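Report on one structure; see the data block that follows.
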Protein chains: 2
Amino acid sequence: MGTLEPMEDEVDRLIQAWRRERPDLDVAPMEVLSRVSRLARHLDRARSQAFDTHGLESWEFDVLAALRRAGTPYQLSPGKLLKETLVTSGTMTNRVDRLAARGLVERLPDPHDRRGVLVQLTPAGRDKVDAAMADLLTHERTLLGGLSDGDQQKIARVLRELVRPFDLEKH
Amino acid sequence: MGTLEPMEDEVDRLIQAWRRERPDLDVAPMEVLSRVSRLARHLDRARSQAFDTHGLESWEFDVLAALRRAGTPYQLSPGKLLKETLVTSGTMTNRVDRLAARGLVERLPDPHDRRGVLVQLTPAGRDKVDAAMADLLTHERTLLGGLSDGDQQKIARVLRELVRPFDLEKH
DNA sequence: CTGATTTATCTTGACGTCGAGATACTCTAA
DNA sequence: TTAGAGTATCTCGACGTCAAGATAAATCAG
């Protein structure tokens, strides 16, 4: 019955250590969730590297990408932006300040609400985010290279199920 | 052939927007990797909440857990600790300072290397991390509740494959 | 032994984020 | 019309992290 055992990774080491120290605990959830956390960490680093080429920081890309996704005229309020990027309002003010200083976005007064502001992508900002996005996807395709299409779909479905409760709770 | 379509999540929205704006790009990698990143973010928040009960911050748990996993006498050098927790040396100095101030760890001189230090869990630190770990796992089991054992094993295997290249590259 | 290199830890300053609160404007309903 | 509640954005101080550099001790080559 030769089950082909996959090679060990750091999480296997981690789990082994916990089982030794706390045999009373069921550490099975770590098999999935610790790997998700660690992989996300590595992905962040990889993203940063990919963006380096374009002189972009990850946080800059996050904002520019949200504007780019919105479609012409590439405008969103700071409020919408912080919902898209999951940061607080103070953070977004700061981000927009710096992106504007770099000439990648502009702040325009909202014509319909004098409290409001619209953040708009400049042509330079659009070019940067388009180039960075293409590179990011190329790089990510490499990372997924080893996975069959079937496995990718399977894991995407499972991850969707895991994320959904969180997406729902914030209403 | 009634394929049961899973409900949409935020990443589906994201992907749809990119396909509309950039039909020239193959955004399939996001199906997996964006979900990994977002799930990890949500997991971080959930972890923080679970630790709140014990008056612990996530970063505190990370250090205490590394020491706890090491087994009696629950000692590790700052160097080993920063390899375990993936932070820089300055960060670890700061963390140990604050944990020592709270009485959860102690700094001892390394008897074999006068440059060195050993960070040791106090009994109070051990109690805290043991209680927090048990709660964390209970909570994580809930999050995974909807998944069959088979799905959990499948996804764990796939994630291990995705993480391995990163685990290897840092030698 | 001696000088050069490496290793282990700590120090410092800059940075990005958060959370609480301030300010200005809009909306609702009496 | 107006008081009060709600909303949009910005300000500010505290915090944790990082990167670069400082210090001190160990190790290695000659």
Side-chain angles (χ1 to χ4, degrees), chain A residues 37 40-42 44-45 47-49 51-52 55-64 66-67 75-102 104-120 170-171, chain B residues 37 40-42 44-45 47-49 51-52 55-64 66-67 75-102 104-120 170-171:
Chain A
S37 293
R41 239 171 147 144
H42 292 307
D44 274 349
R45 295 201 163 210
R47 256 166 55 108
S48 300
Q49 285 182 333
F51 295 149
D52 256 356
L56 273 183
E57 306 284 335
S58 287
W59 63 261
E60 292 179 306
F61 177 83
D62 285 341
V63 178
L64 300 180
L67 292 168
Q75 290 178 342
L76 286 175
S77 67
K80 295 252 187 215
L81 275 173
L82 60 91
K83 269 168 208 140
E84 289 286 324
T85 57
L86 307 177
V87 299
T88 61
S89 65
T91 298
M92 189 51 67
T93 299
N94 189 14
R95 287 184 175 188
V96 173
D97 283 349
R98 282 171 289 155
L99 286 168
R102 289 194 56 188
L104 302 176
V105 306
E106 275 180 314
R107 258 201 194 86
L108 309 172
D110 181 335
H112 300 307
D113 185 339
R114 276 188 300 174
R115 292 168 304 180
V117 168
L118 289 175
V119 181
Q120 180 174 43
K170 65 176 171 189
H171 157 240
Chain B
S37 293
R41 241 173 144 142
H42 292 307
D44 274 349
R45 295 202 163 210
R47 255 164 58 106
S48 299
Q49 285 182 333
F51 294 151
D52 256 357
L56 273 182
E57 306 283 337
S58 287
W59 63 261
E60 292 179 308
F61 177 83
D62 285 341
V63 178
L64 299 180
L67 291 168
Q75 290 178 342
L76 286 175
S77 69
K80 295 255 188 210
L81 275 174
L82 61 90
K83 268 168 211 141
E84 289 286 324
T85 56
L86 308 178
V87 298
T88 61
S89 66
T91 299
M92 188 51 67
T93 298
N94 190 12
R95 287 185 175 188
V96 172
D97 283 350
R98 283 170 289 156
L99 285 168
R102 290 194 55 189
L104 301 176
V105 307
E106 276 181 313
R107 257 201 195 87
L108 308 171
D110 182 335
H112 300 306
D113 185 339
R114 274 186 303 172
R115 293 168 305 180
V117 167
L118 291 173
V119 181
Q120 180 175 42
K170 65 177 171 186
H171 157 239

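Keep in mind the model is a prediction, meaning the values are calculated, not measured. A, B, ... follow the sequence lines: proteins, then strands. Residue 1 opens every chain.
With sequence neighbours left out, B:Ser89 forms a side-chain hydrogen bond (donor to acceptor under 3.5 Å, both in side chains) with no residue at all. For B:Asp113, the salt bridge (Lys or Arg N to Asp or Glu O under 4.0 Å) partners at least two apart in sequence or on another chain are B:Arg115. Annotation: side-chain hydrogen bond (donor to acceptor under 3.5 Å, both in side chains) contacts of A:Arg41 (sequence neighbours excluded): none. Residues satisfying the side-chain hydrogen bond (donor to acceptor under 3.5 Å, both in side chains) test with B:Arg107, not counting sequence neighbours, are B:Asp97. When the side-chain hydrogen bond (donor to acceptor under 3.5 Å, both in side chains) test is applied to B:Glu84, the partners found at least two apart in sequence or on another chain are A:Arg13, B:Arg69. B:Arg102 is linked by a side chain to side chain contact (heavy atoms under 4.5 Å, CB included) to B:Leu56, B:Glu60, B:Leu104, B:Lys128, counting only residues two or more places apart in sequence or in another chain. For A:Asp52, the salt bridge (Lys or Arg N to Asp or Glu O under 4.0 Å) criterion is met by no residue, not counting sequence neighbours.
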Report each atom pair, protein N/O against N/O of nucleotides 14-16 of chain D, whose distance is under 3.5 angstrom.
residue: D:dG16; atom: OP1; partner: B:Arg98; partner atom: NH1; Å: 3.2
residue: D:dG16; atom: OP2; partner: B:Arg98; partner atom: NH1; Å: 2.9
residue: D:dG16; atom: O5'; partner: B:Arg98; partner atom: NH1; Å: 3.0

Under 3.5 Å between N/O atoms: give me all the protein pairs with nucleotides 22-25 of chain C, atom names plus distance.
residue: C:dC25; atom: O2; partner: A:Arg115; partner atom: NH1; Å: 3.4

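With rounding to whole Å, B:His112 atom NE2 is found 18 Å from D:dA25 atom P. With rounding to whole Å, A:Asp97 atom CG is found 11 Å from D:dT11 atom C1'. As a whole-Å value, the separation of B:Asp110 CG from D:dA25 P is 14 Å. If you measure from atom CE of B:Met92 to atom P of C:dT12, you get 20 Å, rounded to the nearest angstrom. Separating the CG atom of A:Asp44 from the P atom of C:dT17 is a distance of 12 Å, rounded to the nearest angstrom. Whole-Å rounding puts the B:Leu99 CG to C:dC10 C1' distance at 16 Å. Rounded to a whole Å, the CG atom of B:Leu82 is 15 Å from the P atom of C:dT11. Straight-line distance from the CG atom of B:Leu108 to the C1' atom of C:dA8: 16 Å, rounded to whole Å.
B:Gly79 comes within 4.0 angstrom of the backbone, heavy atoms only, and of no base.
In this structure, B:Val87 and B:Arg95 have side chains that are in contact, with non-hydrogen atoms separated by less than 4.5 Å. Between B:Thr93 and B:Pro78 there is no side-chain heavy-atom pair separated by less than 4.5 Å.
Along DNA chain D, the nucleotide nearest A:Pro78 and the nucleotide nearest A:Arg45 are compared for position; the residue whose nucleotide lies closer to the 5' end is A:Pro78.
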